[in-house]
Amino acid sequence: MPGFVLLMRPRDDGDETMRIGFTVTKKIGNAVVRNRMKRRLRALARELLAERGVAGADHVLIGRNGGVERDYALLRTELGKAFRKVTPQAADTSASKVATPANTTTPAKAGAQVGKRP
């Protein structure tokens with residue numbers, strides 16, 4: 001299980017600004033542990049959000065158990081995979097790919113979810 005979950009939702013308001021939020025619940029640990037996890041998530045976002053995030057969308061990173069002890073390079077790899085899952089791909093004309101409806105929320109293996117507002 002990854003050390004975080006990535007949620008992404010397009011705002012559809014015409015603004016191309018990428019926004020990001022971080023949350024870590026008390027179930028993860030005391031304030032020191034939660035703050036350490038949020039610092040790690042912020043550092044990951046600083047590295048990868050500008051190049052892999054979705055323009056005009058809100059991104060939320062939710063810290064999970066084990067994220068603090070997990071190797072930073074592994075977290076970075078997992079976040080890269082999660083961004084690939086939520087990034088809209090160019091239209092593929094091959095018959096092997098099946099299109100999913102745009103209004104569904106689909107969890108990704110790397111802890112990512114994407115969906116549209118109702």
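Just so it is clear, the model here is predicted, and its values are computed rather than measured. Numbers here simply count residues along the sequence, with the first being 1. FYI, side chains are in, hydrogens and waters are out, and symmetry mates aren't considered; it's all heavy atoms of this structure.
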Which heavy-atom pair separates [X] from [Y] by the least distance, and what is that distance?
| X | Y | result |
| --- | --- | --- |
| R34 | V24 | CD-O, 3.6 Å |
| M37 | G3 | CE-O, 3.3 Å |
| A50 | M18 | O-CE, 3.9 Å |
| V86 | M8 | O-CE, 3.3 Å |

Exercise for review: Only counting residues at least two apart or in another chain, list the ones meeting salt bridge (charged side-chain N to carboxylate O under 4.0 Å, His left out) with D71.
Suggested key: none
Practice item. Check salt bridge (charged side-chain N to carboxylate O under 4.0 Å, His left out) between R70 and all other residues, then give those that pass, not counting sequence neighbours. Key: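 R70 satisfies salt bridge (charged side-chain N to carboxylate O under 4.0 Å, His left out) with E78 once adjacent residues are dropped.
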Check your understanding: With hydrophobic residues grouped by side-chain heavy-atom distances under 4.5 Å, do L74 and F83 end up in a single group?
Key ->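 No, L74 and F83 fall in different hydrophobic clusters.
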Review point. Can you find a pair of side-chain heavy atoms, one from F22 and one from V60, that are under 4.5 Å apart?
Key: no
Review point. Taking the side chain as C-beta and beyond, is there a heavy-atom pair between L79 and F4 under 4.5 Å?
Key: yes
From [atom1] ([X]) to [atom2] ([Y]), nearest 0.5 Å:
| X | Y | atom1 | atom2 | result |
| --- | --- | --- | --- | --- |
| L61 | R42 | CG | CZ | 11.0 Å |
| L75 | E47 | CG | CD | 10.5 Å |
| I28 | N35 | CD1 | CG | 13.0 Å |

Using a 3.5 Å distance criterion without hydrogens, assess whether the side chain of [X] forms a donor-acceptor pair with backbone atoms of [Y].
| X | Y | result |
| --- | --- | --- |
| H59 | V54 | yes |
| R76 | L44 | no |
| R64 | V5 | no |

**Study point:** Salt-bridge present (D58, R19; N to O < 4.0 Å)
**Key:**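 Looking at D58 and R19, the cut-off is met.
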